[in-house]
Trainee: 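I have a structure here, written as structure tokens, and I will follow up with some questions on it.
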Amino acid sequence: MSEYEGTCGPGTGELTLDGSVPVVEITGLWTKYGRTVVHQDLNLEIEQGEIMSIVGGSGTGKTTLLRQMLGLERPARGCVRVFGEDISEIDSDRLQELRNHWGMLFQQGALYSALTVFENIAQPMRELHVLPEDLVHDAVLLKMNMVGLGPEHANKMPSDLSGGMVKRVALARALALEPKLLFLDEPTAGLDPDLSEAFVALIKSLHRELGLTVVMVTHDLDTLFALSTRIAVLAEKHVIALGPLQDLLKVDHPFIKEFFLGDRGRRALEALEEKTSTEP
Amino acid sequence: MPTAQEPTLTLNAGAIAATGTWQVHALAQGKAMATITAFLKSLKGDQLKWDLSAIDSMDHIGAQLFWNAWGKTRPANLQLAPGLEEFFKRLETTGTLELPRSRQNRLTLVMKLGFAMLLFFEHMAGLLRLIGQVVLDSWRFLRNPLRGPWKEISANIYHAGFQALGITALVGFLIGVVFSYLSAQQLRNFGGDIFLVNLLGMSIIRELGPLLAAILVAGRSGSSITAQLGVMRVTEELDAMLVMGISHGFRLILPKVLALAIAMPLLVIWTDTIALMGGMVSAKVELNLSPQYFLLKLPEAVPLANYLIGIGKGVVFGMLIALVSCHFGLRIKPNTESLGRGTTTSVVTAITAVILADAVFAIVFSGVGFSL
């Protein structure tokens with residue numbers, strides 16, 4: 001018997017893409033691994049067009065939460081709706097449609113190691129089986145251009161790429177079908193500060209240009225402060241605080257105090273203020 | 001929002017009007033794309049008016065579709081809905097991007113043959129180096145046996161030997177039954193029923209037992225050794241060992257070679273025994289030859305030398321399998337394709353090597369172990 005107890009009401013049977021319902025809606029979610037409870041009655045709503053960051057100590061189930069939104073893992077109890085549809089009850093056609101509306105950037109890139117950069121990005125487009133090859137060709141090169149990769153990299157294999165380039169290619173692949181919802185798992189982990197700043201700027205500009213909704217898990221405070229419109233803090237098995245950075249700084253909770261206002265946090269905040277004051 | 005409206009193009013007195021959702025999802029639905037492609041192909045003349053003001057939304061792929069239809073320039077007569085300008089501006093500033101030409105593979109047949117030969121020599125040299133390394137490591141092991149990789153050896157004997165008992169027994173037994181059954185039918189024609197013991201004993205102990213066990217072990221342990229080393233390369237475990245000063249040869253390869261050199265002859269004895277039992281069962285059923293007679297006749301029919309040759313084959317086959325799989329495992333590059341190909345090549349090569357070695361044994365010991 002499955003442990004899952006659906007608590008979602010009936011869905012409409014159609015994806016709701018116009019933002020009239022939250023893009024992601026999590027209610028009463030429980031996650032258990034054996035006897036360990038990771039999430040207990042967790043609620044979270046992500047609105048269209050925002051950049052939502054999920055933060056928390058290690059082992060608080062941030063990545064698990066992301067995987068549950070993607071339907072890669074099932075919660076023990078509770079409801080995860082994406083574009084208004086219950087992700088664990090959805091029929092396979094609708095799920096396929098849904099999958100064309102979201103993109104995921106995995107922490108290690110997860111590029112197909114047997115395919116070249118070009119083929120990696122072309123894969124989701126070719127999978128539709130309708131786009132003519134010359135259109136795919138141009139669209140892939142445009143996507144590469146958007147993430148700052150020149151056409152000279154198109155024929156390289158993933159094993160020949162540096163860490164920063166792998167992330168860019170993975171981002172281009174995640175964006176291949178112009179998704180409305182983009183998941184980022186530690187987008188700047190393993191990048192040097194320069195690259196990570198450039199990557200943040202890239203995500204920011206793509207967010208503006210494509211009108212994406214972004215859900216991001218990150219440990220990097222610079223990335224967090226520079227990108228997020230709202231931040232959800234996971235601790236004590238649920239979301240203890242949710243809101244824009246300025247609001248979170250006022251919350252009186254030991255984890256939040258330590259996380260945002262510790263030495264690291266203060267340095268990052270100062271750097272952010274400096275940058276916003278020098279920017280025109 | 002209702003699902004995307006179908007993107008359509010209509011030609012009206014020299015003006016082409018586009019309506020609907022020009023996003024990749026809408027284009028991918030139904031026959032939208034086929035209709036549009038057919039329509040664009042039927043267009044003639046380049047002084048056409050394009051009216052894109054009735055489009056309700058667009059993405060870069062939709063924009064690219066128009067851009068390509070226009071021959072990658074902005075048409076003189078173009079009307080855009082608000083918000084679409086950005087897409088075309090992006091395409092315009094990006095300009096035409098060209099894939100770098102991948103270098104053509106201009107190899108003639110002779111050159112390919114040459115490369116294949118070079119690759120073969122490279123493999124032979126690699127294998128030779130590996131054998132040299134194992135000899136050096138064995139010397140190190142012998143000088144200081146207390147600090148040897150005992151744990152690894154015993155773990156490998158368990159995995160490659162003990163866990164293979166079931167499958168070798170099953171295959172051995174069935175081959176014994178089948179072989180005995182077929183031989184019995186032939187021998188009965190000549191009235192030479194009692195020679196079944198000679199036939200079975202000789203072929204199983206000298207030839208079939210070692211070969212069967214070796215082929216099964218090559219498939220089981222050979223592939224797992226290659227895959228294990230390959231994944232260790234992918235996850236950089238091999239590099240981590242080197243950095244800590246732990247030698248691959250001493251801790252990974254030597255234990256596997258020694259373990260298979262110990263486990264294989266034992267497996268050969270086991271397979272021989274079970275296959276002969278299968279033969280006995282079949283002989284009892286088919287020729288009514290009693291197991292007692294079978295066992296009494298066996299030492300007489302098969303001189304001890306054959307048994308020793310079989311065990312010797314086991315040792316050599318075991319070491320060959322371990323060496324070949326380690327060789328291919330260490331050559332795997334950190335990607336999935338290389339891992340798959342390496343494992344396949346490893347198993348095929350190991351089995352081929354075993355059969356080749358078996359042929360060498362047959363020639364070298366051609367005069368040994370025959371009672372006649």
Side-chain angles (χ1 to χ4, degrees), chain A residues 12 14-21 83-84 94 96-101 111-118 124-125 127-132 134-146 149-160 175-180 206 208-211, chain B residues 1-4 21-38 40-41 56-69 72 83 86-87 89-103 233-235 332-341:
Chain A
T12 53
E14 289 279 353
L15 300 182
T16 316
L17 299 169
D18 60 353
S20 58
V21 296
F83 293 120
R94 204 65 57 228
Q96 194 50 49
E97 194 188 332
L98 182 59
R99 282 175 177 150
N100 290 339
H101 283 294
L111 298 179
Y112 303 125
S113 58
L115 304 180
T116 62
V117 167
F118 181 91
M125 305 185 194
E127 211 54 27
L128 292 173
H129 296 295
V130 290
L131 301 181
D134 64 321
L135 184 64
V136 170
H137 171 267
D138 292 334
V140 168
L141 289 176
L142 183 70
K143 285 277 148 26
M144 287 180 63
N145 182 270
M146 278 175 155
L149 286 171
E152 68 274 11
H153 300 299
N155 286 332
K156 288 188 180 159
M157 299 305 284
S159 51
D160 303 332
L175 293 173
L177 291 181
E178 315 257 341
K180 302 209 160 31
L206 289 172
R208 207 167 37 225
E209 194 174 343
L210 304 173
Chain B
M1 187 180 86
T3 21
T21 313
W22 285 77
Q23 289 185 341
V24 60
H25 314 104
L27 290 168
Q29 261 164 20
K31 291 192 167 161
M33 196 68 214
T35 325
I36 291 164
T37 321
L40 289 174
K41 259 203 192 119
D56 72 34
S57 58
M58 187 180 240
D59 64 12
H60 285 95
I61 293 181
Q64 185 84 50
L65 186 60
F66 279 112
W67 195 250
N68 287 5
K72 307 203 170 174
E86 275 177 50
F87 292 108
K89 200 175 265 173
R90 165 127 230 161
L91 285 164
E92 213 163 17
T93 48
T94 313
T96 320
L97 297 169
E98 279 302 323
L99 269 181
R101 228 169 253 262
S102 55
R103 256 182 287 163
R233 164 82 66 216
V234 175
T235 54
I332 283 173
K333 295 193 177 59
N335 65 64
T336 47
E337 202 176 11
S338 169
L339 187 60
R341 205 172 33 215

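Here is the naming used below: chain letters follow the sequence lines, and residue numbers restart at 1 for every chain. Only a predicted model underlies this, so the values are computations on that prediction, with no experimental measurement involved.
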Trainee: Go through it in stages, so that I can follow the logic: the residues are A/L135 and B/N68, the test is side-chain contact (heavy atoms from CB on, under 4.5 Å), and I'd like the CA-CA distance, side-chain angles, deciding distance and then a yes or no.
Mentor: CA-CA 7 Å; A/L135 184 64; B/N68 287 5; 4.0 Å; yes
Trainee: Would you compute the distance between atom NZ of B/K333 and atom OG of A/S159 and round it to the nearest 0.5 angstrom?
Mentor: 9.5 Å
Trainee: Quick one: of A/H153, A/H101, A/H137, who has the most non-hydrogen atom pairs under 4.5 Å with chain B?
Mentor: A/H101
Trainee: Given heavy-atom pairs under 4.5 angstrom as the criterion, report whether the side chain, backbone, both or neither of A/L128 touches chain B.
Mentor: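 When you check distances to chain B, only side chain atoms of A/L128 fall under 4.5 Å.
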Trainee: Which answer fits A/F118, side chain, backbone, both or neither, if we ask what part of it has an atom under 4.5 Å from a heavy atom of chain B?
Mentor: side chain
Trainee: Evaluate side-chain contact (heavy atoms from CB on, under 4.5 Å) for A/L177 paired with B/D59, printing each intermediate quantity in order.
Mentor: CA-CA 9 Å; A/L177 291 181; B/D59 64 12; over 6 Å; no
Trainee: Apply side-chain contact (heavy atoms from CB on, under 4.5 Å) to the pair B/V24 and A/M125, showing each step before the final yes or no.
Mentor: CA-CA 9 Å; B/V24 60; A/M125 305 185 194; over 6 Å; no
Trainee: Can you name the nearest heavy-atom pair linking B/I61 to A/A139, along with the distance?
Mentor: CG1-CB, 4.2 Å
Trainee: Just verifying a value: how many Å separate B/H60 NE2 and A/M146 CE, rounded to the nearest 0.5 Å?
Mentor: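 Taking NE2 in B/H60 and CE in A/M146, the distance rounds to 3.0 Å.
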Trainee: Would you say the side-chain atoms of A/E178 pair up with the backbone N or O of B/Q23, donor to acceptor, closer than 3.5 Å?
Mentor: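 Absent.
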